[in-house]
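Have a look at the structure below, then the notes.
The chains referred to below are lettered A, B, ... by the order of the sequence lines, with proteins before strands, and numbering in each begins at 1. Just so it is clear, the structure is predicted and the values come from calculations on it, not from any experiment.
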Amino acid sequence: RKEVEQDPGPFNVPEGATVAFNCTYSNSASQSFFWYRQDCRKEPKLLMSVYSSGNEDGRFTAQLNRASQYISLLIRDSKLSDSATYLCVVPRAAGNKLTFGGGTRVLVKP
Amino acid sequence: AAGVIQSPRHLIKEKRETATLKCYPIPRHDTVYWYQQGPGQDPQFLISFYEKMQSDKGSIPDRFSAQQFSDYHSELNMSSLELGDSALYFCASSFGQTNEQFFGPGTRLTVL
């Protein structure tokens with residue numbers, strides 16, 4: 001099993017709709033989780049950090065389910081500019097290198 | 001706010017040549033990380049430095065070396081370049097060895 005896994009998508013989302021997708025991780029000792037957003041050929045940009053059960057920032061909500069070892073990202077009222085690849089990132093328990101989950105591609109359409 | 005700076009942004013080299021990539025972290029950030037991202041792939045961790053000492057090592061080829069200098073900037077030296085080294089190379093920085101890493105714009109290396 002991969003350390004971090006995501007549904008690659010793409011998720012085709014009508015503008016204004018809500019979309020949610022999950023990320024599963026294998027290391028039950030993981031304490032922190034991150035969602036990054038990456039546009040084509042650009043750098044990953046930190047979207048949200050999750051240290052406890054979840055986090056919310058405007059239209060974005062992250063939920064952590066430790067029992068089932070997954071985190072989710074929900075985007076409400078999708079904008080065209082939300083089209084990107086969303087990377088689930090889980091640091092290794094030892095050290096600080098980041099393990100990426102492959103990314104979920106989201107396409108918001110008018 | 002100041003971000004991570006990487007130079008050059010684009011680099012074209014021939015096989016067997018050498019390349020040096022530079023990274024200037026966010027001011028007051030003392031930890032630098034290097035990642036390699038091939039087409040359609042996740043960023044892969046190469047190496048990191050904390051307070052000028054190597055703190056972690058990933059899948060970095062022996063042909064590559066890196067260091068962090070007294071002003072906290074870092075350089076990734078790549079020798080005997082191969083076609084497969086063509087990729088985006090990202091530098092990220094953080095304050096302390098926390099996990100919130102902020103990425104630079106990347107250097108796109110093309111080996112011909």
- prompt: In terms of heavy-atom proximity below 4.5 Å to chain A, should B:Gln41 be classed as side chain, backbone, both, or neither?
  reply: neither
task: Any chance you could lay out the side-chain contact (heavy atoms from CB on, under 4.5 Å) test for A:Leu98 and B:Tyr35, step after step, and finish with the verdict?
output: CA-CA 10 Å; A:Leu98 301 180; B:Tyr35 293 86; 3.3 Å; yes
task: Take atom CZ of A:Arg41 as the centre, draw a 6.0 Å sphere, and report whether it contains more than 12 heavy atoms from other residues, nucleotides or ligands.
output: no
message: Below 4.5 Å, heavy-atom pairs only: which of B:Gly40, B:Pro43, B:Ala92, B:Gly58 has the largest tally toward chain A?
response: B:Pro43
task: Output every pair passing side chain to side chain donor-acceptor pair (under 3.5 Å) with a member in residues 5-25 of chain B, not counting sequence neighbours, ordered by first then second residue.
output: B:Thr20-B:Asn77
statement: All heavy atoms of B:Glu100 vs all of A:Tyr36, minimum pair found to be C-OH, 4.3 Å
- prompt: Under a 4.5 Å side-chain heavy-atom rule over Ile, Leu, Val, Met, Phe, Trp and Tyr, are B:Tyr89 and B:Phe69 clustered together?
  reply: no
query: With B:Phe103, which of A:Gln38, A:Glu43, A:Lys42 fulfils side-chain contact (heavy atoms from CB on, under 4.5 Å)?
result: A:Glu43
query: Is atom CG of B:Asp62 surrounded by more than 12 heavy atoms (other residues, nucleotides or ligands) closer than 6.0 Å?
result: no
Shared hydrophobic cluster, B:Val4 / B:Leu88 (ILVMFWY, side-chain heavy atoms < 4.5 Å): yes
field: Winner by heavy-atom pair count (cut-off under 4.5 Å) against chain A, out of B:Gly106, B:Pro39, B:Gly104
entry: B:Gly104
